[in-house]
*Asks:* 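Encoded as structure tokens, here's the structure I'll be asking about.
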Amino acid sequence: MPSPTERSRSSTQSPSHPVTQSLVITIDGPAGVGKSTAAQRLARRLGIAYLDTGATYRALAYAALHPTPWRIRRRRICAAGAGPSGSARGWDHRERLNPVTDVQRLAALARRLPLRLRCAPAGSPRVSLGGLDITRQIRTEEISEAAAQLSQHPEVREAMVERQRALANRHGMVVEGRDTGSVVFPDAACKFFLDATPAIRARRRQRELKALYGTCPPLVQVREQLHFRDGLDRSRRIGPLITPPGAIVIDTSHLTASQVVGVMLRHINSRPRSTVHCLR
Ligand code: DC
């Protein structure tokens, strides 16, 4: 499966991105609704790449809260003679940034973050920053909270949306997140919005945490955290969580992941050939 490698030059200032947008399928929805699983499976079925935009905000949150690895890494690079430029650019971030108040510095960090996302054949995509694998580290509750906070800032969102568009692969891509059909790829070939009841979303999120760490908070706490993040996602001024115009809404509460993908494929296959012919 092709991976979303960043193109050398981004065409992200305007939302018009004709080559890519006609091949993009977006999946939006609140936390714990099953977006990632559906997006990964759909991408695999279609043989195209997959982009988890939440992972980009999480990677930024990780970089903001954990400056030390960058210093260590940079020292290694400098020792190897590469110098603090070129591929080392973006690592000279020395202080922990506050996800609520350090808006301009977060936006600047977002623009130069040495981020790489690779589709894994199974499980979450591998996420790395300047060669450091942070796939597991970005799934903690600390990072979830910081990502929810820093994603409120319009300046940060603008920078991240640019990065996400630059990650789009010209051979087609399934993109999932909160604003992918409304802001990042408004002209996507096919848009989906997934939803589920809060109780079911909390149970799914709890299972996900248990699978990752072997332990998880009580259900009531997970539900509170989801409620908090839902509030932030739906109320922010820029790129709030909405059902994008033209999106197909799927209630996943009582569907398995395979059933969700089946519904999606039926919609994709019922589209006019000219819009999604390359995905058949
Ligand atoms: O989907 P997730 O839980 O991994 O996302 C982490 C955070 O990133 C979430 O709290 C909201 C933010 N996010 C966003 O604002 N826009 C997106 N397209 C994806 C995620």
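Atoms considered below: every heavy atom in the structure, side chains included; atoms not considered: hydrogens, waters and symmetry mates. Both counts, for ligands and for their atoms, begin at 1 and track the order of listing.
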*Asks:* So if I only count non-hydrogen atoms and take anything under 4.0 Å from ligand 1, which residues does that give, chain by chain?
*Replies:*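 Residue list for ligand 1: Thr53, Gly54, Tyr57, Arg58, Arg139, Ala147, Ala148, Ser151, Arg157, Gly177, Arg178, Asp179, Arg229, Asp233, Arg236.
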*Asks:* Name all pairs fulfilling the salt bridge (charged side-chain N to carboxylate O under 4.0 Å, His left out) condition that reach into residues 196-207, sequence neighbours left out, sorted by first residue then second.
*Replies:*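 Only Glu141-Arg205, Arg201-Asp230, Arg205-Glu208 qualify under salt bridge (charged side-chain N to carboxylate O under 4.0 Å, His left out).
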*Asks:* Taking salt bridge (charged side-chain N to carboxylate O under 4.0 Å, His left out) as the test, write out the residues that go with Glu142, two or more places apart.
*Replies:*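 Checked Glu142 against salt bridge (charged side-chain N to carboxylate O under 4.0 Å, His left out); matches are Arg96.
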*Asks:* Determine the sole option in Ile248, Leu194, Asn269, Ile25 for which the side-chain contact (heavy atoms from CB on, under 4.5 Å) test with Met264 is passed.
*Replies:*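 That would be Leu194.
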*Asks:* Going hydrophobic residue to hydrophobic residue with side-chain gaps under 4.5 angstrom, can you get from Leu255 over to Val261?
*Replies:*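 Same cluster: Leu255 reaches Val261 through Ile, Leu, Val, Met, Phe, Trp or Tyr contacts under 4.5 Å.
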*Asks:* In the hydrophobic clustering (ILVMFWY, side-chain contacts below 4.5 Å, transitive), which residues join Leu241, or is it alone?
*Replies:*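 Members other than Leu241 - counting any ILVMFWY side chain reachable under 4.5 Å - are Phe193, Val249.
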*Asks:* Keeping His153 on the side-chain end and Val100 on the backbone end, is there a donor-acceptor pair under 3.5 Å?
*Replies:*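 Yes.
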